[in-house]
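Have a look at the structure below before the remarks.
A note on names: the letters A, B, ... follow the listed sequences, proteins ahead of strands, and every chain is numbered from 1.
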Amino acid sequence: MTLTAQIRHAAHNALAHLYPDVTIDIATILVNETKPEFTGDYTVVIFPFLKLLKQKPDVIGKQLGDYLVGKTDLFTGYEIVSGFLNLTVKESYWVSFLLNHYTDTHYGERAKVDRRVMIEYSSPNTNKPLHFGHLRNNFLGAATAEILKAAGNEVIKANLINDRGIHICKSMIAWMRYANGATPEQTGIKGDHLVGDYYVKFNDVYKEEVKKLVAAGADEKTAEKEAPIMKDAQELLRKWEAGDTEVRRLWQQMNGWVYAGFDVTYKKLGISFDKQYYESDTYLLGKQIVEAGLNKGVLYKKEDGSVWVDLRDEGLDEKLLLRGDGTSVYMTQDLGTAKLKYDEYKLDQSVYVIADEQNYHMQVLQLIMKKLGEPCAAGIYHLSYGMVELPTGRMKSREGTVVDADDMAAEMIKLAQEQTESSGKTEGFTQEELTKLYEMIGLGALKFYLLRVEPRKKMIFDPKESIDLHGYTATFIQYAHARICSILRKEDVPVTPDASLFASFKQSTELLPLERSIILALEQYPTILADAADELNPSALCNYSFQLAQLFNTFYDAHSISKAESEEKKSLRLMTIILTASVLRHAMKLMGISLPEKM
RNA sequence: GGCCCGGUAGCUCAGCUGGAUAGAGCACCAGCCUUCUAAGCUGGGGGUCAUUGGUUCGAAUCCAAUCCGGGUCACCA
């Protein structure tokens, strides 16, 4: 049990003893960290009990404080400051905490629970390469998956590839018209980029054609519909749906190029999946669900044969599920895929990492499933995140105003190299080690930058200002870790020692304030991790890790570890920094960020 | 217009199940390297927590209204 939970229970018991006639809900007992300007480690807030107990805060505080110090084995003393009971935790508690955990490389993880979660993320379209905005999605999905695993869940990482539809047909038609058969092999251009170039080309040509038609007297809407290249793309889509061999062949070829490109990007970024869904396999699945819904009377048909669901009672609108010609729309596909996922895996939860522009869509998806009585409905959860924007506004692939993911990764690695070289820190590394180090620093900074903000919030990225390697960054945490490893190296202590190392440790002197606060922070890690898992919020771990690294840096500056005042102090501090490094590594690993032993 | 989300220091963000004098980073200013890695540490300036009202011992946090910004409400995906 965590320390705060122990304190809450102890206080609850104490009040039950002191005031047997009054029942106090344990939820009203608030245990906070004591503010640094007061003596103590944790604080019980007395105010909520005043009315119930009909007593003054100081009286309750004294009774509670005396009881807790006298009857439990947790505290050495207390202070009451205007309604706040500040408790000081026993030295021996902190020391045995350290002894119990400094060898535990899985510290903070929860035991396996019987809960299976799928998390769908990335889910790219195959008409263009990944851009900076997609990176947020990928990192968020990957980190959340790891956090859920650490919290004891069985996790399936899924990617739903949007490999069919008008968007890829646009790339195809532009390629057919303008590429002269260019391939990635021939041009040396990465496959996803090559296909993306023709997507941009399509839009350039399209814009020109629309302009011409408008100049010739057409109104804008008609021009947009009648532009020849658009009509060609739509014709291509019809042929694709009819199974035209030639079209399918080109489609497969171009998708193949894109997948080869994606593989390189995913590998570079450390993104992986357990299960791939392809929309070309699943896009027809929803129709059966709609049929069943019609039979149940949950859905209804309009005169033209289109099928709808009425969500006006739920405060939403009517929503189309099948077109008049019987073809399915986006929502229909998603109904089918949601059911497929559930049927295949019997999921307790199905998480969708999707930008917040689809909040309404996801709400409707879940509602329809609920109305249809599908068992998958309850588990659907939209992990909604704000989009990454440029100072000029949203990124638009079709206008080519995007920060490319591959470029961004390469630039960050280059920046890491420049900074390392300019501060003269390359000594003692082989070229191979340096290459690895630059990747760790560059990609770490990139991931941290995108994960440190709460998912829900949108973020603005200015490409002119490169991502910082100082302050609230992965680099800062990596640096603290490298410093710890450096000390351990010099002391000839392994980074992950076994329990024999400090087996004979005995505590006799008091902990210094900085020693206390760093151990206190370490004790909170399991709580932080559990909360991050419950909220599906990796930014909580970024925050915590930064604070812990900061605490270490302050400590490092104030007290020597290798030249501690005594052997006892030295051992205690070694245990502290070993666990600190271990926790930092653990938390950052969940973010997909590695920490170097030297930098 | 309906629904959803955001508005905290010059900038980027924590804090939001109500708790002590609202915290970090960047930027700015002043210090700290014959001592374990200065990608660091210490200190300083900088705030009507969008506005107004309410709830109460106590509100950045909860409620209501308003203002600003964004998203969405397609037989697009």
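The shortest distance between side-chain heavy atoms of L512(A) and R573(A) falls below 4.5 Å.
Using a 4.0 Å heavy-atom distance criterion, K458(A) is classed as a sugar-phosphate-only contact. Residue F38(A) is in base contact, counting any heavy-atom pair closer than 4.0 Å across all strands shown. As judged by a 4.0 angstrom heavy-atom cut-off over every strand, G324(A) is placed among the base-contacting residues. Using a 4.0 Å heavy-atom cutoff across all strands shown, H481(A) reaches no nucleic acid atom at all. Within 4.0 Å (heavy atoms only), E454(A) reaches sugar-phosphate atoms of the nucleic acid but no base atom. Residue-level contact check: M599(A) touches the bases, meaning some heavy atom is under 4.0 Å from a base atom. Among the heavy atoms of the strands, none lies under 4.0 Å from D534(A). Counting any heavy atom pair closer than 4.0 Å across all strands shown, Q363(A) reaches no nucleic acid atom. Among the protein residues, T554(A) comes within range of the sugar-phosphate backbone only, with heavy atoms under 4.0 Å from sugar or phosphate atoms but none that close to a base. Nucleic acid contact class of K35(A) (heavy atoms, under 4.0 Å, all strands): base. The residue P57(A) sits apart from the nucleic acid: no heavy atom pair falls under 4.0 Å. Within 4.0 Å of N125(A), counting heavy atoms only, lies no atom of the nucleic acid at all. At a threshold of 4.0 angstrom between heavy atoms, the contacts of E279(A) are confined to the sugar-phosphate backbone, with no base atom among them. Within 4.0 Å (heavy atoms only), R394(A) reaches sugar-phosphate atoms of the nucleic acid but no base atom.
C3(B) and A59(B): their P atoms are spaced 29 Å apart (whole Å).
Nearest nucleotide to the side chain of K490(A), out of A77(B), U37(B), G40(B): U37(B). The side chain of P48(A) sits closest to G19(B) out of U37(B), G19(B), C41(B).
A heavy atom closer than 4.0 Å to some atom of RNA chain B occurs in T420(A), K425(A), these being the qualifying members of residues 417-428 of chain A. Within residues 462-471 of chain A, the residues approaching RNA chain B are D468(A), H470(A), G471(A), by heavy-atom distance under 4.0 Å.
Salt bridge E357(A)/R394(A): present, at least one basic N to carboxylate O contact under 4.0 Å. A salt bridge is absent between K570(A) and E565(A): the closest approach of a Lys/Arg side-chain nitrogen to an acidic carboxylate oxygen does not fall below 4.0 angstrom.
L50(A) places its CG atom 12 Å from the P atom of G58(B), with the value rounded to the nearest Å. Protein atom CZ of F546(A) is 14 Å distant from nucleotide atom P of A14(B), rounded to whole Å. One atom, CZ of R483(A), and another, P of C36(B), lie 10 Å apart when rounded to the nearest Å. Atoms CD1 (I477(A)) and C1' (U37(B)) sit 17 Å apart, rounded to a whole Å. Protein atom CG of N359(A) is 10 Å distant from nucleotide atom P of G6(B), rounded to whole Å.
Annotation: cation-pi geometry not satisfied between R136(A) and Y385(A) (NZ/CZ under 6.0 angstrom from ring centroid, within 45° of ring axis). Judged by the 6.0 Å and 45° rule, K302(A) forms a cation-pi pair with W308(A).
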Mind running ring-ring contact (aromatic ring centres under 6.0 Å, His included) on H481(A) and F552(A) for me, showing each step along the way?
CA-CA 9 Å; H481(A) 183 262; F552(A) 165 76; 9.8 Å; no

Using the side chain to side chain donor-acceptor pair (under 3.5 Å) rule, take D163(A) and S280(A) through it: C-alpha gap first, then chi angles, then the decisive distance, then the call.
CA-CA 6 Å; D163(A) 62 343; S280(A) 55; 2.6 Å; yes

I'd like to know whether Y121(A) forms a ring-ring contact (aromatic ring centres under 6.0 Å, His included) with Y352(A), so could you lay out the CA-CA distance, the side-chain angles of the two residues, the decisive distance to 0.1 Å, and finally the verdict.
CA-CA 6 Å; Y121(A) 58 101; Y352(A) 294 74; over 10 Å; no

Verify side-chain contact (heavy atoms from CB on, under 4.5 Å) between I413(A) and L443(A), making sure each step is shown before the conclusion.
CA-CA 7 Å; I413(A) 292 166; L443(A) 295 179; 4.2 Å; yes

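Judged by ring centres under 5.5 Å apart and planes tilted less than 30 degrees, F47(A) stacks against the six-membered base ring of G19(B). A20(B) has its base stacked against the ring of F84(A), the centroids being under 5.5 angstrom apart at an interplanar angle below 30°.
In this structure, H131(A) has its ring center under 6.0 Å from that of H134(A).
In RNA chain B, consecutive stretches of 3 or more Watson-Crick or G-U wobble pairs with both distances under 3.5 Å are given as paired ranges: B:1-7 with B:67-73, B:10-13 with B:23-26, B:28-32 with B:40-44, B:50-54 with B:62-66.
The only option from Y42(A), F38(A), Y78(A), F47(A) that meets the ring pair (Phe, Tyr, Trp, His ring centres under 6.0 Å) definition with F84(A) turns out to be F47(A).
No donor-acceptor distance shorter than 3.5 angstrom exists from the side chain of S306(A) to the backbone of L322(A), with no hydrogens or angles considered.
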